[in-house]
**Q** 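Structure below; questions to follow.
Convention: sequence-line order gives letters A, B, ...; per-chain numbering from 1. Side chains are part of it too, since the values below use all heavy atoms of this structure and drop only hydrogens, waters and symmetry mates.
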There are 2 protein chains.
Amino acid sequence: MPSATVENYVKEILALSMEKGKAQVGMGEIARGLGVAPGTATSMTKTLEREKLVQYKSHKGVTLTAKGRKLGMGMLRRHRILETFLVETLGLDWTEIHGEAEELEHALSEKVLDRLDKFLGRPEFDPHGDPIPTKDGKIAQSNMRNLLECRRQVASKVTLITDQGVEFLNFARRKGLVPGASVEVISRDLVSDAVELRIGKTKPFTIGSKAARKILVASS
Amino acid sequence: MPSATVENYVKEILALSMEKGKAQVGMGEIARGLGVAPGTATSMTKTLEREKLVQYKSHKGVTLTAKGRKLGMGMLRRHRILETFLVETLGLDWTEIHGEAEELEHALSEKVLDRLDKFLGRPEFDPHGDPIPTKDGKIAQSNMRNLLECRRQVASKVTLITDQGVEFLNFARRKGLVPGASVEVISRDLVSDAVELRIGKTKPFTIGSKAARKILVASS
DNA sequence: CCAATGATTTTGAATAGTCAAAATTATTTC
DNA sequence: GAAATAATTTTGACTATTCAAAATCATTGG
């Protein structure tokens, strides 16, 4: 069994490589991402290599092996299923679930994970709208971004509303945020928690980040 | 935050002291219970003392402080709520849940624990029939034992059937295992998984350990 | 092409938890 | 009450993970 630390390193490397679209990840990024000193990342990386989870090129960076990618995807799956459970079943707010899932994901057996998945009805997306990897480590490579992550000043097409509640769906329809609609993010301000939008050529309006996160748009 | 290791030691000390009915617990018992060398128990005990979780008398043993007892009860609560969840909600078998709960209990925040408790309808007993401590660390000091734990060759009164399913309750009624009945465990054989019983002065019969565990009797 | 800057690696040390085996202390038994 | 036995404590060592700071390597602007 890999230790929780090993799992976290692999998860971070996977996340960074997906984020960048490049397989190779540098020590600095890992260290920053995990909140650890650079030297620690280097030495831990060597441990990962010994366990054949990554391939390491000194002064270049690390790349996950097939085994590493599998472990990483497994962690992502655990994490997202847990987040879904925390929100859907226990009614926690999506702002507070990340840290909780972070702890629990290392303590969850394969069996309990599968039962949880079944109990939740084999969800495809977590509460943030991120796709949940399948058991064999494949991720539905949806090129969707939510309105907090997508490019600004460029029109995109609404593709998915992740909050299926009546209330939110009604709100979205009133605003014209329906699948197929053309939407452009004009500006985002994290302090005031506001996202300014325009549907097609209509008058701009503002919604909160909580709502913006639930609207996914296509982004090539 | 106490480490998972600290939590396990405190839990073990609490379990042993309750089991024996004596507050003070020896190093050997702890070491055996936790599957660790005796010297390890001694040194860890000193760590617990530094954190004011136990009071340690060299060559005598340890006693939990109020703080230690509170932590221990908290762990017992976590453990039993988790077991209840694993059985009631995810449908795992009670034979496989102990180890699972053992892992998860260290990763569960106070908040998630409370939500889980609420979701389960604030249960008072776990699937084994053990009482779940309240949030302030009080345990319903029921002097109940199940038929696997109670003294043999002595008549006791049936007080609780922990499996509330129709099927099991019908089975129990047919056998005369109803609250108030006088029952005596004649013999127990773990290999054949059999428990031989007699109700009052009637003819003895045999039931399996799974069933025996669901029947609680008063035991002073 | 070479000095400055930034990233990475090495080194030496710390902490938590563990073990085996030797030393010590308690408890029984006669 | 002394010898035998059992339990406990001490000692020295090991692993995993971490840090700070020094040393080294890589890149890039002039």
**Q** Could you report the tightest heavy-atom contact between B:A41 and B:I30, atom names first, then the distance?
**A** CB-CG2, 4.3 Å
**Q** Which pairs pass ring-ring contact (aromatic ring centres under 6.0 Å, His included) with one or both residues in residues 39-82 of chain A, sequence neighbours excluded?
**A** A:H79-A:H98
**Q** Between P on D:dT9 and NZ on B:K57, what's the gap in Å once rounded to a whole number?
**A** 13 Å
**Q** How long is the line joining CD of B:E49 and P of D:dT9, in whole Å?
**A** 11 Å
**Q** Distance alone, cut at 3.5 Å: any donor-acceptor contact between the side chains of A:T63 and A:Q55?
**A** no
**Q** For A:K60, does the NZ atom sit with more than 12 other heavy atoms under 6.0 Å from it, leaving out its own atoms?
**A** no
**Q** Which residues, if any, of residues 30-45 of chain B bring a heavy atom under 4.0 Å of DNA chain D?
**A** B:P38, B:G39, B:T42
**Q** Give me the residues of residues 2-14 of chain A where at least one heavy atom lies under 4.0 Å from an atom of DNA chain D, by number, or none.
**A** A:S3, A:T5, A:Y9
**Q** Under 4.0 Å: is that the gap between some side-chain N or O of A:K46 and OP1 or OP2 of C:dT10?
**A** yes
**Q** Counting N and O atoms only, with roles assigned by atom type, does the side chain of B:K135 sit under 3.5 Å from a partner on the main chain of B:D114, one being a donor and the other an acceptor?
**A** no
**Q** Answer yes or no: are there more than 12 heavy-atom neighbours, outside B:E124 itself, under 6.0 Å from its atom CD?
**A** no
**Q** Less than 4.0 angstrom between a side-chain N/O of A:Y56 and OP1 or OP2 of C:dT8, yes or no?
**A** no
**Q** Check the angle between the aromatic planes of A:F85 and B:F85 and answer parallel, tilted or perpendicular using the 30° and 60° thresholds.
**A** tilted
**Q** For the pair made of CG in A:L48 and P in D:dA16, what is the distance, rounded to whole Å?
**A** 13 Å
**Q** Roughly how many Å is it from NE2 in A:H59 to P in C:dG6, rounded to a whole number?
**A** 17 Å
**Q** In whole Å, I'd like the distance from the CD atom of A:Q24 to the C1' atom of C:dA7.
**A** 14 Å
**Q** Would you say A:K20 has more than 12 foreign heavy atoms packed within less than 6.0 Å of its NZ?
**A** yes
